[in-house]
Amino acid sequence: MAAEIQPKALTRKPVLLSKVEGSQDVVSMAAIVPKEDGVISVSEDRTIRVWLKRESGQYWPSIYHAMPSPCSCMSFNPETRRLSVGLDNGSISEFILSEDYNKMTPVKSYQAHQGRVMMILFVLEMEWVLSTGQDKQFTWHCSESGQRLGGYRTSAGACGLQFDVETRHVFIGDHSGQVTILKLEQENCSLVTTFKGHTGGVTALCWDPVQRVLFSGSSDHSIIMWDIGGRKGTAIELQGHNDKVQCLSYAPHTRQLISCGADGGIVIWNMDVERQETPEWLDSDSCQKCDQPFFWNFKQMWDSKKIGLRQHHCRKCGKAVCGKCSSKRSSIPLMGFEFEVRVCDSCHESITDEERAPTATFHDSKHNIVHVHFDATRGWLLTSGTDKIIKLWDMTPVVS
């Protein structure tokens with residue numbers, strides 16, 4: 001019996017394969033063309049372009065199509081070669097690309113929102129086009145007729161949008177930091193639940209339908225892994241960016257999360273490890289290690305004739321401690337802290353070298369990333385940045 005070939009984890013430094021240059025403004029979104037050496041991009045310069053690699057090694061547009069308004073987002077379905085493009089004026093335009101990616105045929109255009117379209121998803125199984133807009137509306141349309149099937153008003157503009165085909169649940173992450181789960185039917189929807197864990201707005205969502213886990217990235221620089229399928233309310237924090245998280249992608253076969261941020265960082269997280277929830281921060285009027293009063297505890301300060309101290313919290317145990325009792329720093333990767341954070345002295349002594357072993361790798365893309373697309377079949381990563389450049393990276397590990 002032949003041995004099963006296991007996919008290899010992305011463990012090496014990303015190697016820059018190509019740069020695609022030529023857009024006159026920020027490339028809002030782009031996607032790697034499957035089975036072709038090409039890229040589809042939409043830009044704030046009002047263009048849709050399909051770039052194919054020529055014999056010279058350079059990428060040149062095989063399609064250049066001007067739109068009436070800046071292009072804000074896109075969704076491409078490789079099976080049908082259907083391209084759905086959201087525009088700044090609130091409309092959605094749909095096209096079919098030819099097999100050789102040298103021709104694009106307009107299918108329909110319709111007004112979906114009263115403001116900029118922020119995210120768009122084409123769901124082939126349902127023949128739905130899902131979208132969110134700056135008008136705080138989530139809508140879904142029939143992809144065949146363009147007819148509006150329904151809508152839901154979110155608490156703020158939303159740029160996180162994911163869909164689970166099996167349950168017909170849609171996940172919406174908005175600028176208030178809230179994630180909303182709706183159950184969609186053909187012409188109506190029902191609210192399943194809402195939850196909030198970020199201190200900033202949700203900037204990106206990524207759904208793993210196999211493990212039934214939702215990842216949310218935020219302007220607060222963090223990522224939260226929400227265990228939707230476990231039904232226990234488990235939420236794991238991941239801290240690995242120095243600026244807002246802009247986009248997320250998941251490699252299900254190797255169980256790795258790829259996050260990209262405004263800091264230019266590409267972080268590859270190993271999600272095939274037993275991670276731990278961060279503890280709730282405990283409240284106390286005095287240090288829970290040495291009993292020194294905190295500066296608002298006037299009674300204990302007066303009784304003990306001691307100066308009140310500033311309160312801190314140990315990231316490992318959650319206890320309220322003073323600066324003297326939490327003078328050490330340590331990374332706690334299994335809790336999502338890849339950088340060194342404040343821990344109390346006793347927790348610092350208890351953390352082993354094995355527990356400090358990194359569970360993520362960090363790479364500098366050298367541009368402020370606004371969008372990412374991962375092609376798992378080839379191990380290629382696409383990043384587009386505010387520098388108007390698309391970069392293609394080889395993420396496959398070196399075979400020893």
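Between S346 and K289, the side chains place a donor N or O and an acceptor N or O closer than 3.5 Å (distance only, hydrogens not considered). Side-chain N/O atoms of S75 and S84 include no donor and acceptor closer than 3.5 Å. Looking only at atom types and distance, the side chain of S176 has a donor-acceptor partner in the side chain of S155 under 3.5 Å away. Using a 3.5 Å distance cut-off with no hydrogens or angles, the side chains of H198 and S222 do pair a donor with an acceptor. Remark: the D25 side chain and the S43 side chain contain no N/O donor-acceptor pair separated by less than 3.5 Å. Side-chain contact check for T254 and Q256: at least one donor-acceptor pair (N or O, by modelled atom type) lies under 3.5 Å. Residues D164 and H169 bring no donor and acceptor atom of their side chains to less than 3.5 Å of each other.
In terms of the side-chain hydrogen bond (donor to acceptor under 3.5 Å, both in side chains) criterion, residue partners of S91 (sequence neighbours excluded) are, by chain and number, N89. Every residue two or more places apart in sequence or in another chain that forms a side-chain hydrogen bond (donor to acceptor under 3.5 Å, both in side chains) with R49 is listed here: D45, T47.
Here S365 contributes atom OG and D263 contributes atom CG; the two are 8.0 Å apart, rounded to the nearest 0.5 Å.
No side-chain heavy atom of V33 sits less than 4.5 Å from a side-chain heavy atom of F76.
Y110 and L87 sit in two unconnected hydrophobic clusters of ILVMFWY residues. Membership requires side-chain heavy atoms under 4.5 Å apart, directly or through other members. Under a hydrophobic clustering in which Ile, Leu, Val, Met, Phe, Trp and Tyr are joined whenever their side-chain heavy atoms come within less than 4.5 Å, directly or via other members, V370 and M29 fall into different clusters. Hydrophobic clustering of Ile, Leu, Val, Met, Phe, Trp and Tyr side chains at less than 4.5 Å, counting indirect connections, keeps I40 apart from W60.
Annotation: salt bridge (charged side-chain N to carboxylate O under 4.0 Å, His left out) contacts involving residues 67-96, sequence neighbours excluded, comprise R82-E94, D88-R116.
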